[in-house]
There are 2 protein chains.
Amino acid sequence: MENDATSVSSEGEGYRKIIAAAEKLFADHGFDAVSMHAIATDAGISKANIYHYFPNKDALYLAVLQSAAASLRALLQAAVDKSGTASEALHHFAVNHLQHLLARPRLVRLFLREMLEKGEPRARDLADAGLADLFASLVQILQLGQERGELRKDFDPALVTTMLLGANVIFFQSLDLLRQYPTVTFVDRPEEYDRAMVEVLLRGIRNRSEP
Amino acid sequence: MENDATSVSSEGEGYRKIIAAAEKLFADHGFDAVSMHAIATDAGISKANIYHYFPNKDALYLAVLQSAAASLRALLQAAVDKSGTASEALHHFAVNHLQHLLARPRLVRLFLREMLEKGEPRARDLADAGLADLFASLVQILQLGQERGELRKDFDPALVTTMLLGANVIFFQSLDLLRQYPTVTFVDRPEEYDRAMVEVLLRGIRNRSEP
DNA sequence: ACCGATACTGACTCGTCGGTCAGTCTAGCA
DNA sequence: TGCTAGACTGACCGACGAGTCAGTATCGGT
């Protein structure tokens, strides 16, 4: 045996092709809508070969989630930069974060899908683990800004963190939808969206000093 | 024939039981994970009977979405109250909106699921139609506030609308997740969350006059 | 009492699904 | 050259999926 779906280490050619195909299909259509045959075909191998690497469909799915979680986590964590003022850090993060979401839509959809699943926690913890760090980092940035006197002290950092992440996720999730609203001008210009979004947010939480 | 899945009118006992069961199961597990047999069992009827009302599984799904869209739309539209100041209207809406989301989690998940579907637009337009009204109403509230001088004129109403809806949706969507973060105190207190959220937002967009 | 239409069912077809298996092909090594 | 281990395959299996069908129960109108 080569891999029991709990290790996340380096693997051969076939293994990678399977993961890649599975990631694509699972993200686009969901677990139940994707057959092992479809994955095999997309990967250019035989269905039976998948079972050489993974004991069953669930294990494959889990492996995909794990691999996705790892790369997403690294990607997003890289957007955190605690240097400079809280305002700068927030803006910098927001733009980078959204950029990463838009660059890896499949990975993101994979986890958004997972969040909607009821009953089976499947691999909820995976998504959580990655997000927890991110969340904590942002909260920290805000707290620092509060201690420094740059930001007001009467707001909950976790709340604003939720708002900022939420604003980005909703933008990502509703792109197609927003595109149809005539009053919406910021689609196709995510940096512009984030600039304005952070501006509103900052005006709401910054201590009154500069105009 | 009784219904061709495009009319949304009053129907008999069996029809309602089928829709109810299907709505529950589809929302909890997704289209592909739910079998017609499961729906029939849950509704307490025979599988074949479903085909008396609906030509196939897709039609049933569509009917469920339609029914859900109708009630969600009515529910959410009722949260819009354009009287009073823009600040009041926004706060009032936010609280009511989130309350409705939390009260009808299945309907909401049904549409969030739909939004993640790639390729097949299935019934995307349905979700859209309902949301478009809502979106327009909020934008209108904000614009009115701008004209009255209550709100600043240098922000995009559509942006703030997105932020507000996004904040609520993300709260709804990430409840379980947020619950695990020790720094988050506002879970289980949605009104508190919305109060603080709208406060931040308003401070960001209100004209400086009152403290 | 009878009729027609609607509500409903159990038993079936048939395709596809996840998963297995017996065996081939290839590469490294003795 | 021969042996072995891992990579890989086509053919197959039982289970279960959507959808069909022939027929029965129910009921309002005549």
Side-chain angles (χ1 to χ4, degrees), chain A residues 1-7 9-26 28-65 117 119-120 122-123, chain B residues 1-65 67 113 117 119-120 122-123:
Chain A
M1 144 212 29
E2 161 112 11
N3 187 333
D4 59 344
T6 60
S7 72
S9 46
S10 61
E11 302 297 338
E13 179 66 11
Y15 182 88
R16 262 186 293 272
K17 285 199 291 186
I18 294 171
I19 290 280
E23 178 193 302
K24 182 175 85 179
L25 294 173
F26 281 144
D28 284 354
H29 310 291
F31 181 83
D32 296 282
V34 174
S35 72
M36 294 300 259
H37 175 77
I39 295 172
T41 301
D42 194 274
I45 56 161
S46 73
K47 183 178 66 155
N49 193 14
I50 300 181
Y51 288 90
H52 175 66
Y53 293 99
F54 306 95
N56 51 50
K57 192 182 179 184
D58 281 282
L60 169 59
Y61 185 67
L62 201 72
V64 167
L65 281 186
E117 230 55 48
E120 322 157 55
R122 203 126 48 176
Chain B
M1 146 210 28
E2 161 113 11
N3 187 333
D4 60 343
T6 59
S7 73
V8 201
S9 44
S10 60
E11 301 296 339
E13 179 66 11
Y15 183 88
R16 263 187 293 272
K17 285 199 290 186
I18 294 172
I19 290 279
E23 178 193 302
K24 181 175 86 182
L25 294 173
F26 281 144
D28 284 353
H29 310 290
F31 181 83
D32 296 283
V34 174
S35 72
M36 294 299 260
H37 175 76
I39 295 172
T41 302
D42 193 275
I45 56 160
S46 74
K47 183 177 65 152
N49 192 17
I50 300 181
Y51 288 90
H52 175 66
Y53 293 99
F54 305 95
N56 51 49
K57 192 181 179 183
D58 280 283
L60 169 57
Y61 185 67
L62 201 73
V64 167
L65 281 186
S67 135
R113 266 223 165 74
E117 231 56 48
E120 322 158 54
R122 204 128 44 177

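Below, chains carry the letters A, B, ... as their sequence lines are ordered, and counting in each starts from 1. Note that these values count all heavy atoms, side chains included, but never hydrogens, waters or copies made by symmetry.
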_Separation of dG17(D) C1' from Ile39(B) CD1 (nearest whole Å)_ = 12 Å
*Take the protein atom NZ of Lys17(A) and the nucleotide atom C1' of dA7(D), then report the distance between them rounded to whole Å.*
11 Å
*Spacing between Ile50(B) atom CD1 and dC21(D) atom C1', to the nearest angstrom*: 17 Å
*Nearest-angstrom distance from the residue atom CD1 of Ile18(B) to C1' of dA7(C)*: 10 Å
_Within the supplied structure, the quantity of interest is the number of heavy atoms (other residues, nucleotides, ligands) at a distance under 6.0 Å from Lys17(A) NZ; does it exceed 12?_
yes
*Which nucleotide in the list dC8(D), dC8(C), dG19(C) gets nearest to the side chain of Tyr53(B)?*
dC8(C)
*Report the nucleotide, chosen from dG19(D), dT9(C), dG6(D), that has the shortest atom-to-atom distance to any side-chain atom of Lys57(B).*
dG19(D)
*Could you please name the option among dA18(D), dT9(C), dA7(D) that lies closest to any side-chain atom of Asn49(B)?*
dT9(C)
*Asp32(A) CG to dC16(D) C1': how many Å, rounded?*
13 Å
*Where the side chain of Lys47(A) meets the backbone of Ser35(A), is there a donor-acceptor pair that is under 3.5 Å apart?*
no
*Quickly work out the Tyr51(A) OH to dC12(D) C1' distance and round it to whole Å.*
14 Å
*Ignoring the backbone of His52(A), work out which of dT20(C), dT9(C), dC8(D) is nearest its side chain.*
dC8(D)
_Side-chain (Ser67(B)) to main-chain (Ala63(B)) donor-acceptor, under 3.5 angstrom_ = no
*Can you tell me how far C1' of dC25(C) sits from CD1 of Ile45(A), to the nearest Å?*
16 Å
_Return the OH to CD1 distance between Tyr51(A) and Ile18(A), rounded to the nearest 0.5 Å._
11.0 Å
*In whole angstrom, give the distance that lies between atom NE2 of His37(A) and atom C1' of dA11(D).*
14 Å
*Nearest-nucleotide 5' precedence on DNA chain C, Met36(A) against Ala48(A)*: Met36(A)
